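Structure first, then comments.
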Amino acid sequence: AGLKHQYALFLMSAGRTAVAAGMLDALYKAQPLNAGVAIDRANALLDAGRDREAVSAVTAAHQLWPGLRLAFSERVRFHIL
């Protein structure tokens with residue numbers, strides 16, 4: 001995921017969130033246990049306006065890593081609710 005992940009983050013910072021979200025979707029499918037990809041994917045989904053998918057991604061991340069306090073998850077939940 002290395003360079004593709006970094007490139008997706010670059011695209012997000014350049015305002016191309018829809019493209020980044022698509023890239024992170026593909027990376028997540030290839031590496032569903034990569035916490036960094038999962039977190040950045042949820043953030044990109046939110047920024048791309050894919051709110052329901054973002055909430056699902058946050059929920060899945062909390063199920064896989066219950067001890068991990070995800071700051072972005074609060075951002076997602078406050079944005080949605």
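The structure presented is a predicted model; accordingly, all values stated were derived computationally and were not measured.
Ala48 approaches Ala21 most closely through the heavy-atom pair CB-CB, 4.3 Å. Taking both residues in full, the closest heavy atoms of Ala20 and Ala8 are given as CB-O, 3.3 Å, listed atom of the first, atom of the second, then distance. The minimum heavy-atom distance linking Pro32 with Trp65 is given by the pair O-CH2, 4.1 Å. Nearest heavy-atom pair, Arg50 versus Gly22, reported as atom, atom and distance to 0.1 Å: NH1-N, 4.4 Å.
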Kindly determine whether Leu27 and Arg41 satisfy side-chain contact (heavy atoms from CB on, under 4.5 Å), including the steps that lead there.
CA-CA 9 Å; Leu27 288 171; Arg41 176 178 171 260; over 6 Å; no

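Interatomic distance, Asn34 CG to Leu64 CG, rounded to the nearest 0.5 Å: 11.5 Å. In this structure, CG on Leu24 lies 11.5 Å from NZ on Lys4, to the nearest 0.5 angstrom.
Tracing side-chain contacts under 4.5 Å through hydrophobic residues (I, L, V, M, F, W, Y), one reaches Val19 starting from Tyr7; they form part of the same cluster. No single ILVMFWY cluster, assembled from side-chain heavy atoms under 4.5 Å apart, contains both Met23 and Leu9.
Atom CZ of Arg16 sits in a sparse spot, with 12 or fewer heavy atoms from other residues, nucleotides or ligands closer than 6.0 Å.
The only member of Asp40, Asp25, Asp51 that meets side-chain contact (heavy atoms from CB on, under 4.5 Å) when paired with Leu45 is Asp25.
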